[in-house]
Amino acid sequence: MEGQRVLLDRIEQVCRKAVENVFGISPTRVTLDFPDQFGDLALNAFHLAKDLRKAPPAIAQALAEELEKDALIERATPVKGYVNLVLHRPALAEGALSPALRAGDSFGFRERTDPSQRIMVEFSSPNTNKPQHLGHVRTNCLGDSVARLLEATGTDVIRANLVNDRGIHICKSMLAYQREGQGMTPESVGKKGDHFVGDFYVLFETRFREEWKRYRDEHPEQSEISRDEFAKISEWMAGARDVLRRWEEGDEEVLALWKLMNGWVMEGFEETYRTLGIRFDRIYLESETYQLGKEIVSEGLRKGVFHRRDDGAVEIDLSDVKLDRKVVLRSDGTSVYITQDIGTTVMKTEEYGLDGQIFVVGNEQIYHFNVLFEILKRLGYEWAANCRHLAYGMVNLPEGKMKSREGTVVDADNLIEEVSRLAHKEILSRQPDVDEKAAEERALNIALAALKFMILSVSPKTTMLYDPKASVSFEGDTGPYVLYAFARIQRMLEDSGLGPDDVEFDPAVLTDESEIRLMLKLVEFPRVVEKAAADLNPSLISSWLLACARAYHSHNRAVPILKADDPAVRKARLMLSRATATALSQGLKLLGIKTVDRM
RNA sequence: GCGCCCAUAGCUCAGCCGGAUAGAGCAACGGAUUUCUAAUCCGUAGGUCCCAGGUUCGAGUCCUGGUGGGCGUACCA
């Protein structure tokens, strides 16, 4: 990335120098905005006022004159507390295009810094009793994109997935399978493994409800019995608990079935991840980590971080930081959720020598992670300060919340398939004679672009509404809109007869308003990447992509490119297109979206 | 009860460390196609930024108090 921000850096230097020349003070903060109107860039004099102790309009006035002396600045106009800058046109063109043309697929990205920070990003964390739904799609997309953003800014990233493969939920699927599915396999019924197992989870739920209803019918005096109350006396629930007990005792038959069914589910998950284009460096299984943490708690008990209550349970009092009291070891000595997370977090850090960890987990666990990080801090782990919970909001449906028990969840695999089908239809309507295999691959790409972009264009913490109608629309603020801009450029470059290394152009001819606006977008890109990575917020990339694609589409309509009369103009516009394609592709890459050469 | 989060156009969402006249898409309406791909472009209309105070030269943004909604507050995960 070094050298890529030359233009912006140089302008900042020019501003800094101007302040020094006029006021004799080196400013602490030079703020340059991309204002979309008034000019190319705007220097904020309000911020300078703090250092200079003068009225912003007076500062702007004085600086404007000084700034215009520099060759980079065509015009500097003081307006209220701003200096609106119009850049020297050829310098803007050179500064906007050359970095992208030269750097190609490293444009906007930084080499790994040395010594590099090594950060683990944990995301997805599915349960192995049912297939993944839209909520998982959000953590999958977010986690992957955040990992890419960190990598792009020079961090060494480990992608981890902590799979919850044990517990009562899997036992429910197992029991239903034992009772009603013996001999069946995913192959025998032609189903993906995770869906196959999920069906037995649903079957358990169905049987349980039938039993509950029967009970209420047979015991009118108990007709108001709650689900939780009935669970205590349910035969099906007792069966599931028995399976769990036998699992914990190491019962071979139960373990064998557990391994078999988990294997099916994991195969299904792998397929889903492959389709989504998501990979992990490390998969942790909770069955292998759930015992961790006890020794750390014992040691913490000795050190006085925790204390033992009269009833034997071990707890920590965090009420001084408003986190209340938290039990970390039951009175029978077994661990709770937080215990294994303490152990797992320490283990991960030691395994990879991590400088920090990011947990991409839903916002309903904010309290849990606050407690976890506070405990780690009190245990003396310095890296605890570099642990962050990226708490994303839930995904709701127009009808309300998704509830797996009520079958109102949006299944990830089905969703991808459905959107792919629509994309496929769109492709066929445009190119009836398209090669079938190419069409399918492209349809999947476009579908994933639509889906990922939709999810990643709302900021992580926002509780978002999933609108099925909007999700299958490929117009407006969508992934396909951005893809289309890229594809258009590819087609044009193909038709242009230019070689890939032919990057010479005359920067003086790019003077159209639509070109200026587009070039300013290109200049802004590296800065947006930095910001998005620092904020762990991919939606900043989506916003930029939309603005850039929009600027390109406008430019494309406003002036002829391939058909420009003047060869020098034609060439320069093609180079602008190529630079734009590079930038769009880089931005899309950060969202985990692959480009297509035609739509 | 206590804690955290949210409230911006009819709908879905942006809004940078407090800075210029609060933006985009969808939906509505009007236009652009002898094409370089119309999955596009141009335009019109649409706002009490939940309410009331406060801080500030300046508040959608920060503070306090309300109202409404979500989540959490297990010896569940």
Side-chain angles (χ1 to χ4, degrees), chain A residues 29 31 33-38 42 44-47 49 55-56 79-82 84 125 127 164 166-169 286 290 309 311-315 322-324 326-341 362-368 370 391 393-394 396 398 401 423 426-427 429-431 446 450 454 457-459 461-467 469-470 473-485 487-489 491-492 495-496 527-528 531 535 537 539-540 542-543 546-547 549-550 552-558 560-564 573-574 577 598-599:
Chain A
R29 184 176 166 202
T31 310
D33 296 326
F34 290 82
D36 281 345
Q37 47 178 338
F38 308 122
N44 185 318
F46 294 99
H47 293 170
V79 180
K80 299 184 190 170
Y82 291 92
N84 294 320
S125 39
N127 292 352
N164 183 6
R166 62 171 281 278
I168 191 71
H169 45 278
E286 211 179 286
Y290 80 109
R309 297 199 314 213
D311 59 9
V314 177
E315 72 164 23
K322 286 184 170 177
L323 290 172
D324 220 330
K326 187 78 192 169
V327 168
V328 293
L329 225 43
R330 296 195 184 97
S331 45
D332 65 2
T334 56
S335 39
V336 291
Y337 179 42
I338 194 89
T339 320
Q340 56 171 293
D341 256 9
N363 62 11
E364 72 274 10
Q365 296 207 35
I366 287 176
Y367 172 74
H368 170 77
N370 283 341
M394 320 195 124
N396 290 335
K401 295 182 60 172
E426 295 282 327
I427 291 168
S429 74
R430 286 170 180 76
Q431 304 155 57
I446 293 171
M454 177 188 69
S457 58
V458 320
S459 89
K461 69 189 271 190
T462 302
T463 299
M464 64 176 284
L465 187 112
Y466 170 76
D467 179 355
K469 271 211 294 276
S473 158
F474 301 144
E475 285 167 15
D477 277 1
T478 64
Y481 176 87
V482 180
L483 281 190
Y484 179 52
R488 267 181 130 169
I489 296 172
R491 299 291 292 160
M492 208 180 300
D495 294 345
S496 71
R527 186 203 255 199
V528 174
K531 173 85 171 134
D535 293 359
N537 187 356
S539 80
L540 299 180
S542 332
S543 298
L546 286 173
R550 192 171 300 129
Y552 185 78
H553 284 306
S554 287
H555 165 60
N556 186 296
R557 291 279 163 205
I561 298 173
L562 265 183
K563 289 186 176 171
R573 285 183 181 156
L574 281 166
S577 289
R598 52 187 309 166
M599 292 293 279

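Per chain, numbering begins at 1; letters A, B, ... match sequence-line order. Just so it is clear, the model here is predicted, and its values are computed rather than measured.
Residue F46(A) and nucleotide G58(B) are not classified as a stacked aromatic pair, given the requirement of ring centres less than 5.5 Å apart at an interplanar angle below 30°.
Here the nucleotide nearest the side chain of T462(A), chosen from C41(B), C13(B), A20(B), is C13(B). When each of A14(B), A77(B), C17(B) is scored by its nearest atom to the side-chain atoms of S459(A), the top-ranked nucleotide is A14(B). When each of A77(B), A20(B), A14(B) is scored by its nearest atom to the side-chain atoms of V79(A), the top-ranked nucleotide is A20(B). You'll find that the side chain of K531(A) is closest to C16(B), out of C75(B), C16(B), U40(B). Taking every side-chain heavy atom of V327(A) into account, C75(B) is the closest of A20(B), C75(B), C71(B). When distances are taken from the side chain of Y367(A) to each of A20(B), G72(B), C41(B), the shortest belongs to G72(B). Taking the side chain of F474(A) as heavy atoms from C-beta on, and the options A39(B), U73(B), G72(B), the nearest nucleotide is A39(B). When each of U40(B), C6(B), C71(B) is scored by its nearest atom to the side-chain atoms of K461(A), the top-ranked nucleotide is C6(B).
T478(A) and L546(A) get closest at one heavy-atom pair: N-CD2, 3.9 Å. Shortest non-hydrogen contact noted between L329(A) and S335(A) is CD1-CA, 4.0 Å.
Atom name P, nucleotides G25(B) and C41(B): the rounded distance is 8 Å, in whole Å. Rounded to the nearest Å, the gap between the C1' atom of C75(B) and that of C13(B) is 43 Å. Rounded to the nearest Å, the gap between the C1' atom of U61(B) and that of C6(B) is 15 Å. Nucleotides A20(B) and C62(B), compared at atom P, are 15 Å apart to the nearest Å.
Dashed line: the shortest gap from a side-chain N or O of R430(A) to OP1 or OP2 of A39(B) is under 4.0 Å.
Along RNA chain B, the nucleotide nearest H553(A) and the nucleotide nearest R309(A) are compared for position; the residue whose nucleotide lies closer to the 5' end is H553(A).
A donor and an acceptor atom, one from each side chain of H555(A) and R573(A), are nowhere located under 3.5 Å apart. There is no side-chain donor-acceptor pair under 3.5 Å between T339(A) and Y290(A).
Remark: C1' of G15(B) and CG of N537(A) are 12 Å apart, rounded to the nearest angstrom.
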